[in-house]
Amino acid sequence: ILALLVIGSTTLILSTAREDVVGGYPVAQKDTISVTGQSELDVAPDEAELMISVESEGQTAKEAQDANADITHRVIKALQSVGVNKDDIDTTGYYLYKREGYDPKTGKPFPLGYQQTHTMRVLVKDVEKAGDVIDAATHAGVTSLQNIQFTLSKEKEKKSRSDALKLAVENAQDKAETLA
């Protein structure tokens, strides 16, 4: 009888020490509620990024490059005059093309000169000034605006993510309180 009691009490201790399993995963605590929270924010951009180009032509490569350098210098000065920092203007492309025509009578190409294209990325840190920046650039000699993208500064993006996380936590707390 004593041996049966020892075996019986061992079985009872082992069965109470087992963890409950739900969905194939061990559950460490009983009487818990698990909820998720969601949030969504609409945030206005505070920066604009422009891709602009200056194109010039010349009979020689040097003429095309010199003309392009003059126009680019004017464009940079104009951008600075409307508040763009020189560090926020970066060259993204610099291309020189030899232009040729085709003579249908002889079947041979003939030189037309050279074309220089200088493409720049301009970061406008005050989105309200984007129109003024575009006007200043085009009046100074920019021949092409390929793209304008409205974005968030790193600081505003970080704050917006933090705000969204806070709202998601509040949403989860509301759900948990309702379920409890």
Side-chain angles (χ1 to χ4, degrees), residues 34-102 109-179:
S34 177
V35 296
T36 59
Q38 296 179 343
S39 70
E40 186 175 312
L41 290 177
D42 289 326
V43 181
D46 62 338
E47 291 183 342
E49 186 177 285
L50 311 173
M51 295 299 287
I52 60 174
S53 292
V54 172
E55 294 179 1
S56 58
E57 295 180 355
Q59 289 301 312
T60 66
K62 183 168 178 15
E63 284 178 13
Q65 290 174 324
D66 288 347
N68 197 280
D70 289 342
I71 297 168
T72 299
H73 181 73
R74 285 196 318 260
V75 168
I76 290 171
K77 290 293 182 196
L79 293 173
Q80 289 175 315
S81 74
V82 291
V84 175
N85 188 328
K86 190 171 184 174
D87 293 337
D88 294 328
I89 304 168
D90 299 312
T91 295
T92 60
Y94 190 81
Y95 310 100
L96 178 66
Y97 302 99
K98 183 177 181 181
R99 298 176 49 234
E100 293 183 334
Y102 177 75
F110 59 92
L112 291 175
Y114 290 84
Q115 179 179 357
Q116 172 72 52
T117 303
H118 182 180
T119 303
M120 296 168 276
R121 182 188 68 84
V122 179
L123 180 62
V124 181
K125 291 187 176 176
D126 181 358
V127 73
E128 298 294 326
K129 291 185 177 181
D132 294 337
V133 170
I134 292 169
D135 286 345
T138 54
H139 285 103
V142 164
T143 53
S144 176
L145 170 66
Q146 291 92 358
N147 187 24
I148 183 168
Q149 184 175 1
F150 295 96
T151 60
L152 298 178
S153 63
K154 289 179 183 178
E155 297 82 22
K156 189 167 185 178
E157 183 177 356
K158 183 178 178 181
K159 184 182 179 329
S160 298
R161 284 183 191 274
S162 178
D163 291 347
L165 284 172
K166 286 177 186 174
L167 289 173
V169 168
E170 290 173 11
N171 179 254
Q173 286 174 335
D174 290 345
K175 288 179 183 179
E177 289 172 6
T178 301
L179 289 171

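Since we're looking at a predicted model, the values are computed, not measured.
- Distance alone, capped at 3.5 Å, places no donor-acceptor pair between the Gln116 side chain and the Glu57 backbone.
- Lys175 contributes no side-chain N or O that, together with a main-chain N or O of Gly37, makes up a donor-acceptor pair within less than 3.5 Å.
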> Checking side chain to side chain contact (heavy atoms under 4.5 Å, CB included) for the pair Thr138/Leu145: CA distance, chi angles, key distance, verdict?
Replying inline: CA-CA 9 Å; Thr138 54; Leu145 170 66; 5.9 Å; no
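- Of the possible donor and acceptor atoms, one in the side chain of Asp46 sits under 3.5 Å from a partner among the backbone N and O of Ser153.
- Side-chain polar atoms of Asn171 and Ser39 form no donor-acceptor pair below 3.5 angstrom.
- For the pair Val82/Lys129, no side-chain contact is recorded, criterion being any heavy-atom separation below 4.5 Å from C-beta on.
- Using a 4.5 Å heavy-atom threshold, the side chains of Asp88 and Val122 count as separate.
- Remark: the backbone N or O of Ala44 is paired with a side-chain donor or acceptor of Lys156 at under 3.5 angstrom.
- Proximity of Ile89 to Val84: side-chain heavy atoms (C-beta onward) are separated by under 4.5 Å at one or more points.
- Nearest approach of Ile148 to Ala130, heavy atoms of both residues: CD1-CB, 4.4 Å.
- For Arg99, the CZ atom sits in a packed shell: over 12 heavy atoms of surrounding residues, nucleotides or ligands are nearer than 6.0 Å.
- Using a 4.5 Å cut-off on side-chain heavy atoms (C-beta onward), Ile71 and Thr143 make no contact.
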>> Test side chain to side chain contact (heavy atoms under 4.5 Å, CB included) on Leu79 and Met120; report intermediate values, then the result.
In response: CA-CA 12 Å; Leu79 293 173; Met120 296 168 276; 5.8 Å; no
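- A donor-acceptor contact shorter than 3.5 Å is absent between the side chain of Thr119 and the backbone of Ser53.
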>> Glu49 vs Glu47, test: side chain to side chain contact (heavy atoms under 4.5 Å, CB included). Steps then yes/no.
In response: CA-CA 7 Å; Glu49 186 177 285; Glu47 291 183 342; over 6 Å; no
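- No side-chain donor-acceptor contact under 3.5 Å links Glu55 and Ser144.
- Considering only heavy atoms from C-beta on, Lys125 stays 4.5 Å or farther from Asn85 through its side chain.
- No donor-acceptor pair under 3.5 Å is formed between the side chain of Ser162 and the backbone N or O of Lys159.
- At distances below 3.5 Å, at least one donor-acceptor pair connects side-chain atoms of Thr178 with backbone N or O atoms of Asp174.
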